[in-house]
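One structure is given here, and the rest of the page talks about it.
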Amino acid sequence: MHVEEESPYRLRIERREGMRVPGIVFASRALIPEPAQDKSLTQVAAVATLPGIVGASYAMPDVHWGYGFPIGGVAATDVAEGGVVSPGGVGFDISCGVRLLAADVDRARIAPVIDTLMDRLDESTPRGLGRGAVWHVRDPEKELRAVLRDGAGYLVDRGYGVQRDLDRCEDRGGVADAAPEHVSSRAIERGRDQLGSLGSGNHFLEVQAVDEIYDESAAAAFGLRMGQVCVMIHCGSRGLGHQVCTDHVRTMEKAMRRYGIQVPDRQLACVPVESPEGEAYMGAMAAAANYGRANRHLLGNAVRHAFESVVGAGVDLVYDISHNLAKLENHEVDGSRRSLCVHRKGATRALPPGHAELPDDLDPVGQPVLIPGTMGTSSYVLAGVPGGDAFFSTCHGAGRAQSRHQAARGTSGRLLRDQLQDRGIRVRGASWRGLAEETPTAYKDVSEVVAASEGAGLCRTVARLVPLGVVKG
DNA sequence: ATGTTC
């Protein structure tokens with residue numbers, strides 16, 4: 001494939017057979033995965049063939065191979081022009097995302113109790129495949145439907161969490177047009193006993209400290225100061241979101257022929273946003289997104305209780321943002337305002353200062369963007385900036401460079417835990433195998449990904465966080 | 001990512 005370097009951190013894949021728009025990859029050549037084992041640039045080109053796509057098929061610096069769309073992909077379709085929605089452009093883990101909490105305490109003050117704190121978080125964070133959850137209620141099915149409709153707001157009404165948890169959450173804690181009736185009974189059954197659980201894979205809960213501040217005024221507006229203790233939670237919508245994706249991909253595979261849509265890869269199954277199948281998916285996806293926010297909300301609330309009892313410190317939400325979602329947004333395209341379906345898969349929305357959807361206190365600085373690193377490495381807090389041409393989007397994390405199998409072959413979970421603990425990072429794992437698969441050497445360098453994102457004009461860097469202890473899914 | 005197989 002011919003990839004031209006337009007400028008540093010901006011590679012271009014020119015239009016050819018079937019592509020409606022070019023491909024734009026915001027990366028240095030060094031950040032592009034090896035094509036022999038990773039077909040992500042082919043996927044960028046394939047996404048460019050989707051009906052109604054506008055601008056370009058974009059990829060972020062952490063791009064790597066995914067289901068249909070690349071992970072790190074951004075694609076927007078024009079709804080009024082027959083633009084499609086594709087579950088592959090959202091991913092199986094609908095509304096997977098990151099929640100960052102800031103404790104009212106500095107790292108020096110928790111040093112004497114950090115092991116106790118990690119033990120408490122270890123106990124209070126259900127994780128691993130299909131095991132338990134924080135949430136216990138009398139009528140789970142009825143309450144689950146309320147969560148699917150209203151998201152975290154329903155939980156605050158019921159006495160879990162506080163108003164700031166909603167003010168500082170994307171969409172104020174819940175997407176408005178969720179349609180629980182398009183979530184199958186099987187999906188609901190899978191989600192019933194998993195609300196308030198981490199899951200597995202790259203999901204984690206980490207106690208961190210602010211180690212570097214690059215932008216004082218933005219950090220202050222976000223509620224962050226040097227040396228402060230934070231908690232980062234990375235998880236998604238568990239089995240419920242997975243089942244929603246599976247159900248609607250199946251429906252679309254059959255329906256798309258009726259709309260005369262042909263795609264180069266079966267995993268790019270899609271239908272017009274404005275079709276019964278498209279609207280059903282959008283509604284079910286929104287419901288799964290509400291489940292995802294409620295999931296992180298409950299885990300964050302458990303963290304708050306752990307800090308209260310072990311440290312005697314309060315914990316405030318900095319922000320909660322998804323990196324696997326499609327949203328209907330208005331953007332200017334070729335000089336006119338259009339309603340677009342913006343798919344972000346392994347890519348984070350990054351609203352600039354002054355954007356109407358920001359809460360008042362974030363209006364002058366832009367939206368916080370939360371970038372989890374890998375185990376033992378830094379994480380970052382970024383902010384949205386004006387301009388950029390990927391519909392206000394940026395990277396979402398380090399991005400895998402090796403398969404899970406490859407990763408596990410190169411190390412062992414026990415060895416990895418010992419290496420991390422030797423560096424003063426407490427590890428509370430779920431499985432040795434899972435730990436080995438998440439070895440930092442299986443990922444790109446998150447600092448390079450962040451530098452490329454800023455260099456490409458997609459965001460600016462606000463703060464760096466370093467890990468003190470990790471509860472691993 | 002995922003009751004890692006419909």
Side-chain angles (χ1 to χ4, degrees), chain A residues 38 40 43 62-73 86-99 125-133 140 144 183-205 233-254 266-267 269 284-285 288-289 291-293 295-296 299 321-326 343-348 372 374-375 396-409 430-438 442-443 472-473:
Chain A
D38 178 300
S40 53
Q43 293 188 310
D62 43 343
V63 64
H64 60 110
W65 200 0
Y67 176 90
F69 283 55
I71 294 161
S86 173
V90 172
F92 274 85
D93 193 1
I94 295 166
S95 197
C96 180
V98 183
R99 188 176 188 86
T125 310
R127 58 197 190 277
L129 273 173
R131 258 181 274 156
L144 185 52
V183 176
S184 68
S185 52
R186 194 174 187 188
I188 287 178
E189 192 186 315
R190 287 181 68 174
R192 246 188 68 143
D193 302 317
Q194 295 186 327
L195 197 62
S197 68
L198 211 48
S200 59
N202 63 358
H203 290 164
F204 66 79
L205 182 156
I233 300 170
H234 176 212
C235 65
S237 52
R238 309 287 281 104
L240 183 139
H242 191 276
Q243 189 65 43
V244 166
C245 182
T246 303
D247 291 339
H248 288 263
V249 162
R250 199 169 300 156
T251 309
M252 288 189 192
E253 278 174 347
K254 289 179 200 139
R266 197 179 160 189
Q267 294 182 351
M285 178 196 64
Y291 183 97
R293 279 84 183 275
N295 191 28
R296 288 191 290 275
L299 289 170
I321 183 79
S322 305
H323 48 232
N324 280 10
L325 210 57
H343 301 73
R344 296 187 184 87
K345 180 196 196 176
T348 314
T374 59
M375 278 187 308
H396 88 301
R400 260 197 182 274
Q402 270 184 0
S403 70
R404 300 192 159 278
H405 186 71
Q406 252 181 320
R409 236 178 6 209
S431 82
W432 294 119
R433 168 81 191 187
L435 216 53
E437 288 178 350
E438 288 300 313
Y443 284 86
K472 198 74 194 76

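Bear in mind the structure is a predicted one, so any value in this text is a computation, not a measurement. In what follows, chains carry the letters A, B, and so on, assigned in the order in which the sequence lines appear, proteins first and then strands, with residues in each chain numbered from 1.
Across the protein-nucleic acid pair, Glu189(A) atom CD and dT2(B) atom P stand 17 Å apart, rounded to whole Å. Here dG3(B) presents its P atom at 10 Å from CG of Leu240(A), a figure rounded to the nearest Å. If you take NE2 of His248(A) and P of dT2(B), they are 19 Å apart, rounded to a whole angstrom. When the P atom of dT2(B) is taken as reference, atom CG of Asn324(A) falls 11 Å away, rounded to whole Å. Between the NE2 atom of His203(A) and the C1' atom of dT4(B) there is a distance of 15 Å, rounded to whole Å. Separating the CZ atom of Arg250(A) from the P atom of dT2(B) is a distance of 18 Å, rounded to the nearest angstrom. For the pair Asp193(A) CG and dT2(B) P, the computed distance is 15 Å after rounding to whole Å. Put simply, CD on Gln243(A) is 10 Å from C1' on dT2(B), counting in whole angstrom units.
Arg433(A) comes within 4.0 angstrom of no nucleic acid atom, judged by non-hydrogen atoms across all strands. Arg404(A) comes within 4.0 angstrom of sugar-phosphate atoms only, judged by non-hydrogen atoms across all strands, and of no base. Using a 4.0 Å heavy-atom cutoff across all strands shown, Gly239(A) reaches sugar-phosphate atoms only and no base atom. At the heavy-atom level, Gly199(A) lies under 4.0 Å from the strands shown only through sugar-phosphate atoms. Nucleic acid contact class of Gly236(A) (heavy atoms, under 4.0 Å, all strands): none.
Residue Arg190(A) places no side-chain N or O under 4.0 Å from the OP1 or OP2 atom of dT2(B). Between dG3(B) and Gln194(A), a contact under 4.0 Å exists linking OP1 or OP2 to a side-chain N or O.
Each of Glu438(A) and Thr246(A) was matched to the nucleotide of DNA chain B holding its nearest heavy atom; the match closer to the 5' end belongs to Glu438(A).
If you check dG3(B), dC6(B), dT2(B) against the side chain of His242(A), the one that comes closest is dT2(B).
Shown here are the salt bridge (charged side-chain N to carboxylate O under 4.0 Å, His left out) partners of Arg250(A), two or more places apart in sequence or in another chain: there are none. Residues passing the salt bridge (charged side-chain N to carboxylate O under 4.0 Å, His left out) test with Glu253(A), sequence neighbours excluded: Arg266(A).
Annotation: side chain of Ser322(A) is in contact with side chain of Arg293(A) (closest heavy-atom distance under 4.5 Å).
Ring centroids of His396(A) and His234(A) are separated by 6.0 Å or more, keeping the two rings apart.
Arg190(A) CZ to Gln243(A) CD: the interatomic distance, rounded to the nearest 0.5 Å, is 5.0 Å.
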